[in-house]
Amino acid sequence: VPIANGRLSATMIKKVYTLSTYVYENDFIDAITEQIFVENGDLIIIPKINNQKIVIGDTTDIPAKFDKLIDFYVDGLNHIGWDKYRIINLKYKNQIVCK
């Protein structure tokens with residue numbers, strides 16, 4: 001079970017619960033998730049590996065966001081290196097923004 005912390009209002013607790021349910025149901029995401037963090041109204045997954053933040057944003061389209069993330073890990077980071085980016089932002093529709 002991932003730890004959840006940050007600014008947890010009643011609304012955010014519901015969103016954290018929704019995200020954590022999806023995390024639990026996806027074997028790959030569950031295996032890499034160490035923590036769920038709330039920052040500036042965004043849900044963020046802190047993975048067990050590397051020093052990254054995976055910005056989920058809100059709880060809309062979580063399955064699509066997870067599909068993008070898995071594709072990015074398999075088809076992207078496997079080729080350019082897992083330490084290339086510190087922030088992987090999935091909150092925008094149909095794109096991944098990395099820093």
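Heads up: numbering here begins at 1 and tracks the sequence.
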Subject >> Interatomic spacing from SG in C98 to NZ in K84 - rounded to 0.5 Å >> reply: 10.5 Å
Subject >> Closest non-hydrogen atom pair between L8 and A4, with its separation >> reply: CD1-O, 3.9 Å
Would you mind writing out the side-chain donor-acceptor pairs for residues 27-42 within the sub-3.5 Å range, not counting sequence neighbours?
residue	atom	partner	partner atom	Å
T33	OG1	I29	O	2.6
Q35	NE2	N5	OD1	2.7
E39	OE1	K53	NZ	3.4
D42	OD2	K91	NZ	3.0

Original post:
More than 12 heavy atoms of other residues, nucleotides or ligands under 6.0 Å from NZ of K99: is that the case?
Top reply: no
Original post:
Which distance, rounded to the nearest 0.5 Å, do you find between the OH of Y85 and the CG of L77?
Top reply: 7.5 Å
Original post:
With a 4.5 Å heavy-atom cut-off, do I54 and P47 have their side chains touching?
Top reply: yes
Original post:
Hey, what else clusters with I3 if you join Ile, Leu, Val, Met, Phe, Trp, Tyr whenever side-chain heavy atoms sit under 4.5 Å?
Top reply: none
Return a table of donor-acceptor pairs under 3.5 angstrom between the side chains of residues 65-72 and protein atoms on other chains or two or more places apart.
residue	atom	partner	partner atom	Å
K65	NZ	I56	O	2.7
K65	NZ	D58	O	3.2
K65	NZ	T60	O	3.2
K68	NZ	Y92	O	3.1
K68	NZ	Q95	O	3.1

Original post:
By side-chain hydrogen bond (donor to acceptor under 3.5 Å, both in side chains), which residues pair with Y73, not counting sequence neighbours?
Top reply: Q52
Original post:
What's the spacing between I45 CD1 and L19 CG if we round to 0.5 Å?
Top reply: 5.0 Å
Original post:
So do the side chains of N26 and V23 get within less than 4.5 Å of each other, counting heavy atoms only?
Top reply: no
Subject >> Linked, directly or transitively: I62 and M12 (ILVMFWY side chains, under 4.5 Å) >> reply: yes
**OP:** Could you note down all residue pairs passing salt bridge (Lys or Arg N to Asp or Glu O under 4.0 Å) where residues 8-20 supplies at least one of them, sequence neighbours left out?
**Re:** none
**OP:** Determine, using the 4.5 Å side-chain heavy-atom cutoff (strictly less than), whether I96 and L43 are members of one ILVMFWY cluster.
**Re:** yes
Subject >> N51 CG to I87 CD1 distance, which is reported to the nearest 0.5 Å >> reply: 10.0 Å
Original post:
Any side-chain heavy-atom pair from V55 and V97 closer than 4.5 angstrom?
Top reply: no
Original post:
Below 4.5 Å, heavy atoms only, C-beta onward: do I13 and Y17 meet side chain to side chain?
Top reply: no
